[in-house]
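First, the structure itself, so that you have it in front of you.
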Amino acid sequence: MTEQTKFLLDESKLPQAWYNINADMPVPPQPVLHPGTLEPVTPDFLAVLFPMSLILQEISAERYIEIPEPVREVYKLWRPTPFLRARRLEMALDTPAHIYYKYEGASPVGSHKPNTAVPQAFYNKEAGTKALTTETGAGQWGSALAMACAFFGIDLEVYMVKESYHQKPYRRIMIESYGATIYPSPSNNTMYGRALLADNADAPGSLGIAISEAVEAAATSGGAKKYSLGSVLNHVLLHQTVIGQEALLQFEMADEYPDVIIGCTGGGSNFAGFTFPFIHKNLTEGKQTQVIAVEPAASPSLTKGIYTFDYGDTAQMAPVVKMHTLGHTFIPPGIHAGGLRYHGMSPQVSALVDAGHIEARAVKQLDTFAAALTFLRSEGIIPAPESTHAIKVAIDEALAAKESGQKRVIAFNLSGHGHFDMGAYESYLHGRLEDYEYPAEAVAEALQHLPDVS
Ligand SMILES: *Cc1c(COP(=O)(O)O)cnc(C)c1O
């Protein structure tokens with residue numbers, strides 16, 4: 001075995017195609033429903049929001065979809081991303097396990113999100129889109145799409161969850177630096193936002209509300225603006241599969257193959273991007289890698305939500321899909337600092353969890369920050385609060401391997417760095433964070449408002 005720590009791929013090894021798991025799904029796809037009629041949507045409905053090329057990717061069953069050359073050219077600014085063996089963390093844990101991580105924080109904005117922002121901006125440009133609207137929670141997606149829109153000369157309007165808008169000014173300034181316009185959501189810019197503000201001028205907002213505003217702004221623009229989403233949808237997960245495809249090659253360089261792979265889940269995109277190429281091998285080549293999705297106990301769609309049809313947004317304007325959901329009326333607790341606050345989960349990830357191909361775990365935030373400190377004090381990188389969920393379970397697995405004396409090979413996706421999230425670290429270091437488990441009663445209440453799909 002080589003003593004190598006970093007496994008770096010040459011630019012020529014950048015994937016030529018994205019991997020589409022629809023080709024290998026062990027269960028039939030569920031319909032996407034119109035939020036008004038609850039009947040299957042027509043491409044016309046989606047065409048108000050998205051260019052046809054992305055709609056076709058959304059429903060494609062082709063296993064590999066070629067990455068356009070202009071997108072590969074932009075990817076080369078940071079891809080292939082590094083893959084590391086966490087030797088110092090292994091020593092700190094005194095574990096016989098080998099721990100690897102894929103580092104998506106190497107992108108210019110510090111997360112995996114540009115992997116889809118760039119192709120979405122590219123396909124919109126190709127379709128003649130002049131302006132896009134989107135939402136952002138902590139600001140990571142907004143900054144990724146703002147960068148991509150700057151590259152392709154598209155105007156961008158970002159609805160940022162109001163609480164984050166005030167708590168995370170640096171992400172907001174980053175978005176503005178790339179040239180986008182940003183509004184705190186709920187805003188006075190949309191009918192939905194105005195109605196919410198009339199009700200409560202201090203409404204903190206939520207991702208579901210910000211999605212509603214961005215969708216409304218595009219849908220009522222008379223064709224002038226289209227909408228872009230940073231997670232959940234099939235085409236978004238598709239674009240992220242460059243992560244796992246590179247990791248497979250990097251595992252070859254390391255001459256190992258993972259026993260267990262781990263990712264954090266908000267809407268499911270970095271998790272899917274990392275794991276789907278490995279799940280492909282589980283499904284088609286008889287590999288048996290254990291696959292674990294990790295979510296916060298404060299926003300536990302996979303472990304406490306139910307697998308059913310629900311709206312993608314709070315105002316019931318976005319399509320209805322079958323997914324694990326806490327109910328579209330979900331408002332995440334303010335005390336929760338770790339991101340990953342969406343009420344639902346990507347339909348593809350949900351279906352694979354339901355069919356038993358992915359295991360889900362919920363972890364508490366004090367444990368995730370404790371795991372982050374163990375990691376960063378041995379490996380150096382300060383992880384995004386979202387990524388710490390994956391680290392917590394990777395460390396749990398490494399300690400279980402130590403307990404049982406097994407040399408397991410563990411890998412996780414380090415979806416981003418936390419340089420803009422030092423406020424959350426400050427709260428943790430000064431004892432101001434608390435654990436919070438989303439109460440079963442709140443889930444039960446929210447599920448009263450599900451659409452009646454028969
Ligand atoms: C947005 C984000 C996530 C959560 O989104 P997914 O679509 O579930 O990947 C996780 N990590 C980082 C660093 C993010 O920016």
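In each ligand, atom 1 is the first atom listed, and ligand 1 is the first ligand listed. What you see is a predicted model, and the numbers here were worked out from it, not measured in a lab.
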Exercise. Got N22 and N234 here, is their nearest side-chain heavy-atom distance under 4.5 Å?
Worked result: yes
Problem set entry | Under-4.0 Å heavy-atom contact with ligand 1, by part of N270 that carries it | both
Exercise. Hey, is ligand 1 close enough to A384 that some N/O pair sits below 3.5 Å?
Worked result: no
Problem set entry | Shortest protein heavy-atom distance from atom 4 (C) of ligand 1, along with the residue and atom involved | L340 CD2, 3.5 Å
Problem set entry | F420/Y170 under ring-ring contact (aromatic ring centres under 6.0 Å, His included): CA gap, chis, key distance, verdict | CA-CA 7 Å; F420 291 91; Y170 296 113; 7.2 Å; no
Problem set entry | Aromatic centroids of F276 and F271 separated by under 6.0 Å | no
Exercise. Numbering the atoms of ligand 1 from 1, which are under 4.0 Å from a heavy atom of C264?
Worked result: 10 (C)
Problem set entry | Closest protein heavy atom to atom 14 (C) of ligand 1, given as residue, atom name and distance to 0.1 Å | K113 NZ, 2.8 Å
Exercise. For ligand 1, which atoms sit closer than 4.0 Å to a heavy atom of G268?
Worked result: 6 (P), 7 (O), 8 (O)
For this session: Flag the pair F83 / Y100 as yes when their ring centroid distance falls below 6.0 Å, and as no otherwise.
Result: yes
Exercise. Are E295 and Y342 close enough that some pair of their side-chain heavy atoms sits under 4.5 Å apart?
Worked result: no
Exercise. Taking the side chain from T314 and the backbone from I209, do they hold a donor-acceptor pair closer than 3.5 Å?
Worked result: yes
Exercise. By number and element, which atoms of ligand 1 are closer than 4.0 Å to a non-hydrogen atom of Q140?
Worked result: 13 (C), 14 (C), 15 (O)
For this session: Ignoring angles and geometry beyond distance, decide whether G416 reaches within less than 3.5 Å of ligand 1 through its nitrogen or oxygen atoms.
Result: no
Exercise. Would you say G266 and ligand 1 have an N/O pair spaced under 3.5 Å apart?
Worked result: yes
Exercise. Hey, is ligand 1 close enough to E386 that some N/O pair sits below 3.5 Å?
Worked result: no
For this session: For atom OH of Y257, decide whether the heavy atoms of other residues, nucleotides or ligands shown that lie under 6.0 angstrom number more than 12.
Result: yes
For this session: Take the angle between the ring planes of Y311 and H328 and call it parallel below 30°, perpendicular above 60°, tilted in between.
Result: perpendicular
Problem set entry | Residue E126 excluded, over 12 heavy atoms near CD under 6.0 Å | yes
Exercise. If hydrogens are left out, which of S231, S415, P383, S346 has an atom nearest to atom 12 (C) of ligand 1, that is, the closest non-hydrogen atom?
Worked result: S415
Exercise. Looking only at heavy atoms of H112, does any of them come nearer than 4.0 Å to an atom of ligand 1?
Worked result: yes
For this session: For T265, counting its heavy atoms only, list the atoms of ligand 1 lying under 4.0 Å from any of them.
Result: 8 (O)
